[in-house]
Structures are given as C-alpha cells and as structure tokens.
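Here's the structure we're looking at; comments come further down.
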Amino acid sequence: MKSYQELIAEAQAVITTVTVADAAAQVGTAEVIFVDLRNEGELAYTGVIPGAIHVPRGILESVIDPTSPYYNPLFGSGKTFLFYCASGRRSALATQRAQEMGLTEVAHIGGGLKAWKEAGYALDPYQKP
C-alpha cells in the first residue's frame with residue numbers, strides 16, 4: 001500500500017506548483033480562477049483568497065466531468081485554475097486528478113493557505129452562496 005506522503009510526492013512530480021507570490025500576482029486577473037478545495041468549516045474559519053470559488057475536494061471530479069449532472073461549465077472555459085487547500089497536500093492530489101481528467105491549465109499553490117497567510121497576503125471573509 002502506498003502512503004499518503006508517497007501519493008503526494010508522485011503528484012508533485014507531475015504537476016505545476018505556483019509560489020504564493022506568483023499566485024498573489026494573479027488575483028483579480030480574468031483568465032485565472034482560484035479554486036478553494038477546503039471544506040466549508042475551514043473557509044468560514046479562515047476566509048478565502050479574494051475572488052476564489054469553492055469546490056470541496058470530495059466533489060471535484062463531478063464538477064470537472066462534462067457528463068456529470070454536477071458539471072460546472074467554468075471548468076470548460078479554457079481559463080487557468082489555481083487550486084489550493086490548507087497546506088498544499090489536498091491541492092497537489094486534486095491537481096494531479098484534474099490533469100488526469102484532461103484539464104490542462106491547472107496548478108496548485110505550494111504551501112496552500114498556510115503559506116499565503118504567512119506571506120501576509122489578504123483574505124476575504126467567506127460568504128456562503
């Protein structure tokens with residue numbers, strides 16, 4: 001059986017990791033969509049990167065797949081997606097899975113929201129849709 005750490009290492013070998021500084025420079029650009037993969041309780045507690053959309057990790061595959069009843073057409077828009085979670089582990093695995101599903105313009109933020117906060121970048125309060 002592979003460990004969680006082994007799976008993360010395998011994912012990191014085949015995905016693009018963006019630094020928090022590079023990610024922060026893309027906040028507000030029309031061609032980049034930030035995707036927060038954390039659960040709703042985490043969002044309410046810490047806030048979100050400005051402009052991020054929320055897609056819980058547990059339903060990511062169903063919102064990417066155009067044959068799914070839960071498909072979100074945003075994932076077929078040709079935009080670039082920056083995934084993030086609390087520490088960068090879930091987002092690394094999610095980025096790998098999204099690539100396997102055919103999403104080409106996808107990366108994750110190394111270190112996740114923890115690194116974002118440590119660097120002093122702004123967060124918006126979470127607004128439940």
Side-chain angles (χ1 to χ4, degrees):
M1 178 189 305
K2 288 184 183 178
S3 72
Y4 182 57
Q5 291 301 327
E6 289 171 314
L7 292 172
I8 292 166
E10 287 177 3
Q12 289 173 333
V14 297
I15 65 172
T16 300
T17 300
V18 174
T19 67
V20 292
D22 288 341
Q26 297 181 67
V27 169
T29 60
E31 293 305 310
V32 177
I33 306 295
F34 286 78
V35 180
D36 195 317
L37 300 165
R38 300 173 301 143
N39 67 49
E40 198 167 287
E42 291 174 283
L43 276 65
Y45 183 70
T46 61
V48 299
I49 292 175
I53 65 167
H54 179 224
V55 177
R57 175 61 191 99
I59 65 165
L60 180 66
E61 290 83 356
S62 61
V63 299
I64 291 175
D65 180 0
T67 66
S68 165
Y70 303 103
Y71 175 64
N72 183 334
L74 185 61
F75 287 95
S77 68
K79 295 186 186 264
T80 297
F81 297 91
L82 287 182
F83 291 173
Y84 71 95
C85 62
S87 65
R89 292 184 289 246
R90 285 176 283 182
S91 60
L93 294 169
T95 300
Q96 180 185 28
R97 180 54 52 100
Q99 284 179 183
E100 291 168 352
M101 293 181 73
L103 201 60
T104 57
E105 298 300 319
V106 61
H108 91 115
I109 301 173
L113 199 64
K114 179 180 180 202
W116 183 273
K117 288 173 21 182
E118 287 172 354
Y121 294 112
L123 293 169
D124 285 345
Y126 173 61
Q127 303 278 329
K128 187 173 181 169

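Computed from a predicted structure; not experimentally measured. Worth knowing before you read on, the calculation uses all heavy atoms, side chains too, and leaves out hydrogens, waters and symmetry mates.
Looking at every heavy atom in both residues, Asp124 comes nearest to Gly51 through OD2-N, 4.1 Å. Nearest heavy atoms, Lys79 versus Glu105: O-CB, 3.6 Å. The two residues Cys85 and Gly88 come nearest to each other via the heavy atoms SG-N, 3.1 Å. Smallest separation of non-hydrogen atoms from Ala122 and Pro50: O-CD, 3.4 Å. Between Gly110 and Ala115 the shortest heavy-atom distance is O-CB, 3.8 Å. Nearest heavy atom pair, residue Ile64 against residue Ala98, reads CD1-CB, 3.8 Å.
In terms of modelled atom types and a separation under 3.5 Å, the side chain of Gln96 and the main chain of Leu93 share no donor-acceptor contact. In this structure a side-chain-to-backbone donor-acceptor pair under 3.5 Å is missing from Trp116 to Ala21. With hydrogens and angles disregarded, a donor-acceptor distance shorter than 3.5 Å links the side chain of Tyr84 to the backbone of Ile49. The main-chain N or O of Asn39 is never found under 3.5 Å from a side-chain atom of His54 such that the two would form a donor-acceptor pair.
Going from atom CG of Leu37 over to atom CD1 of Ile53 covers 9.0 Å, rounded to the nearest 0.5 Å. We find the CZ-CG distance between Phe75 and Leu60 to be 6.0 Å, quoted to the nearest 0.5 Å.
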Handout entry: Residues Val35, Val106; criterion side chain to side chain contact (heavy atoms under 4.5 Å, CB included); working and verdict
Key = CA-CA 10 Å; Val35 180; Val106 61; over 6 Å; no
Practice task
Show your reasoning for whether side chain to side chain contact (heavy atoms under 4.5 Å, CB included) applies to Val48 and Phe34.
Solution key: CA-CA 10 Å; Val48 299; Phe34 286 78; over 6 Å; no
Exercise for the section: Would you please test Glu31 and Gln26 for side chain to side chain contact (heavy atoms under 4.5 Å, CB included) and show each step? Expected result: CA-CA 9 Å; Glu31 293 305 310; Gln26 297 181 67; over 6 Å; no
Practice task
Apply side chain to side chain contact (heavy atoms under 4.5 Å, CB included) to Leu113 and Thr46, showing your working.
Solution key: CA-CA 9 Å; Leu113 199 64; Thr46 61; 3.5 Å; yes
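Hydrophobic clustering of Ile, Leu, Val, Met, Phe, Trp and Tyr side chains at less than 4.5 Å, counting indirect connections, unites Val32 with Val20. In the hydrophobic clustering of this structure, Val55 does not group with Tyr71; members are Ile, Leu, Val, Met, Phe, Trp, Tyr whose side-chain heavy atoms approach within less than 4.5 Å, directly or through other members. Put simply, Val14 and Leu103 are part of two different groups of oily side chains (I, L, V, M, F, W, Y) that touch within less than 4.5 Å, one to the next. Note on Met101 and Ile59: same hydrophobic cluster, where clusters join Ile, Leu, Val, Met, Phe, Trp and Tyr whose side-chain heavy atoms are under 4.5 Å apart, directly or indirectly. In the hydrophobic cluster analysis, where Ile, Leu, Val, Met, Phe, Trp and Tyr join through side-chain heavy atoms closer than 4.5 angstrom, Ile33 is grouped together with Val63.
Counted within 6.0 Å of CD on Gln127, heavy atoms from surrounding residues, nucleotides or ligands total 12 or fewer; the atom is thus considered open. Environment of OH in Tyr4: crowded, with over 12 heavy atoms of neighbouring residues, nucleotides or ligands closer than 6.0 Å.
Taking 4.5 Å as the limit, every side-chain heavy atom of His108 sits out of range of all side-chain heavy atoms of Leu82. Counting only heavy atoms from C-beta outward, the side chains of Tyr126 and Asp36 never approach each other to under 4.5 Å. The side-chain heavy atoms of Val27 and Tyr121, taken from C-beta on, include no pair separated by under 4.5 Å. Phe81 is listed as a side-chain neighbour of Leu74, based on a closest heavy-atom distance under 4.5 Å.
Listed by chain and number, the residues in a salt bridge (charged side-chain N to carboxylate O under 4.0 Å, His left out) with Arg97 are Glu61, Glu100 (sequence neighbours excluded).
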